[in-house]
Amino acid sequence: MSRLFLLNHLDSHLKMSECVMEEEERAKSTVPSCVSMKSDRSKGEPITFGIRPQGSPLNYQKRSASIGDSSCPEGEKKRRTELQTADLNNSVSQGGELQEVIEGHKISLKRRCEHVTEGTHEAGSGTLLNKIYTELYITEGQSEEVDTQHEVRQLEITSKKNIQDTPIKCQDIFKVLSEQQRHIRVVLTNGVAGVGKTFSVQKFSLDWAEGLENQDISLVLPLSCRELNLIRDEQHSLLSLLHVFHPTLQKIRAEDLTVWKLLFIFDGLDESRFSLGFNKHQLISDVTQVSSVGVLLVNLIQGNLLPSALIWITSRPAAAHQIPPSCVDRITEVRGFTDSQKEEYFRRRFSDEDLSKRIISHIKASRSLHIMCLIPVFCWITAIVLEDMMTRDQRGELPQTLTDLYSHFLRVQIKRKKQKYGGKQRPEELTEADKELLLKLGRLAFEHLEKGNIMFYSEDLERCGLDVSEVSVYSGVCTEIFKRESVIFQKSVYCFVHLSIQEFLAAVYMFHCYTRKDTAVIRQFLEYSEPVTSLDDFLRGALMKSLKSENGHLDLFVRFLHGLSLESNQRILGGLLDQRNSHPETIQKVLNNLKEVNSDEISPDRSINIFHCLMEMKDQSVHQEIQEFLKSGEKSERELSEIHCSALAYLLQMSEEVLDELNLWQYNTSEEGRRRLIPAVRNCRKFQLSDSFLSKSHWEVVASAMTSNPSHLRELSLSNNQSLTDAVKLLSSAMMHPNCRLETLRLWGCRLSEISCDSLASALRSNPSHLRELDLSYNQLKDPAVKLLCGALQDPLCELETLSLSCCSLSETSCDSVASALKSNLSHLRVLDLSDNPLQDSGVKRLCSGLESPNCKLERLRSVFIFLPIYQLLRW
């Protein structure tokens, strides 16, 4: 109908060109400058994703049965569809131009989305979006945990994933893929900064605007969260919000929104500066009702406002938890480039085949560079640096570390600025004005890195001494580093091309503050009362502050700081940093400090960054020693220091080979060393750790290994861990995760209580539960705890076959609970150990009533000192 209507009303459609042009002018200022432009800052592993079995929430299903609900009878759906079509035809005929408005919106959206640029908005730099597209991968399982690791670490984990998940094109993101799924209304797409979330949104929008995909949707309405920030203090209705951000829709009326099938896309939730209060907020059901942006968004997601509208939200993993899982029907993850796509990128970028081969070869030789190239924007940064170095007279070695790479990247931008604007100096040399400007940008980067901000506004720049009226000056110096993203309502939004560039410039600024003895800034950052007198004290303080960060937001920043302490990297930056402090003796002292850091109360995941700091300082000694250790296979003979254990934990995690068993007591190291080895649990099938005192952060690592995608852990033995009582709830929750494949859990001698058994019973009832063997011996569980466990044994989802309750202070009362479970035809129990419990004759008699039941599947019972076959016990 829409195509015929367009042909019949072509003349009136042309009258809309002025409105369309207005929208296009605004859209030109919002085109992202690279894959990362509308993504946000880093942080793991990895989060697992999936689809809730029941599809949409019940309250939504009742409100929107006519929108693709398979439970709605065909006749009723047809009747409702006819009514909606009639309403739409009536609206179009009454308005006369509504369909033209839609077509005008498509034209505007197409022109906004069809071209993207890499790193710069310079004329002629645009590339067709269809040539740069990152696929989406959908994974089964809903993750309710927050991945708090730095996104570089998340990339490392992603890089070794076996891609066994079903790939899904972004055009199909709202399509039902299996019989278990019902109508998909709210989709949440996760992905680290720069991985391609915004490109996926643009691809979806472009295909719709060109009439290629999803033509059942009446209007696709992209709304960037960074632009919505600009009106965060204003009050709007949903209708006025659309009028503001999509001027071509000025003629859309409230009644049109209620009958059309709409898709709202909220891109970059992690960049939002408005609050989302799902538990307490104003209820809105009218598109003309005025409220704040956050309240409108919450009501849209919950289905109070336009319950038939589709919602697509993109976010970095660390911010995705703002949306309650109960409100989301599908979670997808943008994984970035595969290895083959990385190579294709460089071949496509360079016409010189030999150059592309050399670049690809160098990237493969450096594990850190190869991992980072999962992110398309990092491929772009790497290409700029290596092209420059390989096509000129290169005397030094190619960059091996991230600090190397980013120092060269900044130097290339300096050279480009000189070539563009001229000057008497050599292209790579910095003037004093250049230095001052870069350090102001560094200050901006640092201050907002501490706050967790990656989006900046004019007032933010002014506070750092940057002249917002001379955008061309500093964009000329840092054309591809610093980007003005959007201009709307006479306000500007700014960001760095990627968080890693913000982190690098922040490190440059902070190192400059140290070399210039800016004690006020240093002391405030380190929270010191006394001045810092030496480089090793400064770097030690920065490292310890980063290690205490729960989300690791300073990890890469501190790695850059250590890398910048090297004279070689300072030299690359052309005098931007003072080189007087980089004496060999001082550097050696820094290295020694790194190898001796005490991180006893620090998360073992954080401690691995100490090893990365060594690598940024080009100290390969620990890495080489651990490589030799792994080749020798002498686990118990060679003594390992704490830094050796951090390096070993990292290398074992990143190994393509899954360990059969990780027994921390097989390693000759200290208690802290063993704790630093715990992250290797993510890449083993059997993990043993006994007689240790672990904090919550250590158990969180074990739980993450149980829920990772894929999870290799099948057997977990944690005997005699006196700190385990509070951790059982965390481990039980992990067992309920759909990714968990744990089959054996041994917790004997851990001082567990009835509360612990309640958590374990919930895990045994989970779907699916893979646990087959549970050993709770030598815990003072007593009768109430056993009653909880036996109740779980009678659940149809529980498939436990072996249960050990030896020496648990059980009485004859427990035998009633056990007998009840044995009589259940749902119990799968085959082996039961009740030895060393004061059951008494009366208890054994009660137990035998369960053994005699025809439903009993028990094969072996230990109630005294030995295991007996059931037939022998009954005969006796």
Side-chain angles (χ1 to χ4, degrees), residues 148-150 152-153 401-403 439 442-452 502-567 569-570 576-619 622 641-643 646 672 676 697:
T148 58
Q149 299 186 84
H150 192 284
V152 171
R153 174 64 191 134
T401 68
L402 293 181
T403 311
L439 291 172
R443 176 187 168 188
L444 178 74
F446 171 74
E447 291 182 355
H448 286 272
L449 179 65
E450 277 210 295
K451 299 174 184 176
Q502 180 177 346
E503 291 169 309
F504 177 71
L505 281 178
V508 169
Y509 168 75
M510 183 51 59
F511 201 90
H512 169 79
C513 289
Y514 166 74
T515 58
R516 294 302 174 92
K517 306 301 180 185
D518 192 336
T519 56
V521 174
I522 299 296
R523 286 167 61 182
Q524 182 179 2
F525 169 59
L526 299 180
E527 300 175 354
Y528 281 5
S529 57
E530 299 296 326
V532 178
T533 58
S534 63
L535 178 63
D536 54 298
D537 285 340
F538 166 61
L539 292 178
R540 185 195 296 114
L543 175 67
M544 295 311 296
K545 178 164 184 175
S546 72
L547 290 176
K548 293 175 183 177
S549 167
E550 291 186 3
N551 61 7
H553 74 293
L554 297 176
D555 282 2
L556 194 56
F557 163 77
V558 167
R559 285 165 65 174
F560 282 137
L561 268 183
H562 282 79
L564 290 170
S565 69
L566 298 183
E567 187 272 337
N569 284 325
Q570 295 168 4
L576 185 60
L577 299 177
D578 193 332
Q579 301 177 30
R580 292 176 295 177
N581 294 278
S582 300
H583 300 299
E585 316 85 66
T586 305
I587 296 300
Q588 189 58 51
K589 195 170 183 180
V590 173
L591 294 173
N592 293 339
N593 285 343
L594 287 172
K595 295 175 183 180
E596 297 169 3
V597 168
N598 186 327
S599 61
D600 190 38
E601 298 180 358
I602 304 299
S603 163
D605 277 328
R606 295 278 81 76
S607 299
I608 288 177
N609 205 49
I610 303 172
F611 170 62
H612 287 307
C613 289
L614 275 178
M615 300 294 285
E616 287 300 320
M617 294 187 71
K618 301 183 180 178
D619 185 320
V622 172
S641 66
E642 283 81 5
I643 189 63
S646 289
E672 183 188 344
R676 287 205 192 182
S697 65

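Ring-centre distance between F504 and F557: not below the 6.0 Å cut-off.
Remark: side-chain polar atoms of Y528 are not paired, donor with acceptor, to backbone N or O of I522 under 3.5 angstrom. A side-chain donor-acceptor contact under 3.5 Å links Q502 to the backbone of A445. Under a 3.5 Å cut-off, the side chain of N569 and the backbone N or O of G563 do form a donor-acceptor pair.
Remark: K618 NZ is packed, more than 12 non-hydrogen atoms of other residues, nucleotides or ligands lying under 6.0 Å away. Within 6.0 Å of CD on E450 lie more than 12 heavy atoms contributed by other residues, nucleotides or ligands.
Considering CG of L439 and CG of L444, their distance stands at 12.5 Å, rounded to 0.5 Å. Distance check, rounded to the nearest 0.5 Å: CG of L543 to CG of N593 gives 9.5 Å. Interatomic distance, CD of E585 versus CD of Q588, reported as 10.0 Å (0.5 Å rounding). Note that OG of S646 and CD1 of I602 are 11.5 Å apart. Values are rounded to the nearest 0.5 Å. The distance from atom CG of L554 to atom CG of L449, rounded to the nearest 0.5 Å, is 5.5 Å. Interatomic distance, CG of L591 versus NE2 of H562, reported as 8.5 Å (0.5 Å rounding).
With a 4.5 Å cut-off on side-chain heavy atoms, H512 and L576 do not count as touching. You'll find the side chain of I587 stays beyond 4.5 Å of the side chain of H583, heavy atoms only. Between V521 and Y509 there is a side-chain heavy-atom pair separated by less than 4.5 Å. Between D555 and H612 the shortest side-chain heavy-atom distance does not fall below 4.5 Å. For the pair V597 and L547, the minimum side-chain heavy-atom distance is below 4.5 Å. For the pair S565/L535, a side-chain contact is recorded, criterion being any heavy-atom separation below 4.5 Å from C-beta on. Between L526 and F538 there is a side-chain heavy-atom pair separated by less than 4.5 Å.
A salt bridge does not link K548 to E527: none of the charged side-chain nitrogens sits closer than 4.0 Å to a carboxylate oxygen. Between E447 and R443, at least one side-chain N (NZ, or NE/NH1/NH2) sits under 4.0 Å from a carboxylate O, which counts as a salt bridge.
Looking only at atom types and distance, the side chain of E672 has a donor-acceptor partner in the side chain of S599 under 3.5 Å away. For the residue pair S697 / S603, no side-chain donor-acceptor distance below 3.5 Å is found, with atom types taken as modelled. N592 and E596 are not linked by any side-chain donor-acceptor pair at a separation below 3.5 angstrom, with hydrogens and angles left out of the test. There is no side-chain donor-acceptor pair under 3.5 Å between T403 and R559.
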*Would C613 and I610 satisfy side-chain contact (heavy atoms from CB on, under 4.5 Å), going step by step from the backbone distance to the final call?*
CA-CA 5 Å; C613 289; I610 303 172; 5.7 Å; no

_Test side-chain contact (heavy atoms from CB on, under 4.5 Å) on K595 and D619; report intermediate values, then the result._
CA-CA 11 Å; K595 295 175 183 180; D619 185 320; 3.4 Å; yes

*For V532 and T519, what are the C-alpha separation, side-chain angles and deciding distance, and is it a side-chain contact (heavy atoms from CB on, under 4.5 Å)?*
CA-CA 7 Å; V532 178; T519 56; over 6 Å; no

_F511 vs F560, ring-ring contact (aromatic ring centres under 6.0 Å, His included): CA-CA, chis, key distance, verdict_ = CA-CA 10 Å; F511 201 90; F560 282 137; over 10 Å; no

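Of all the heavy atoms in L561 and A507, the pair that sits closest is CD2-O, 3.5 Å.
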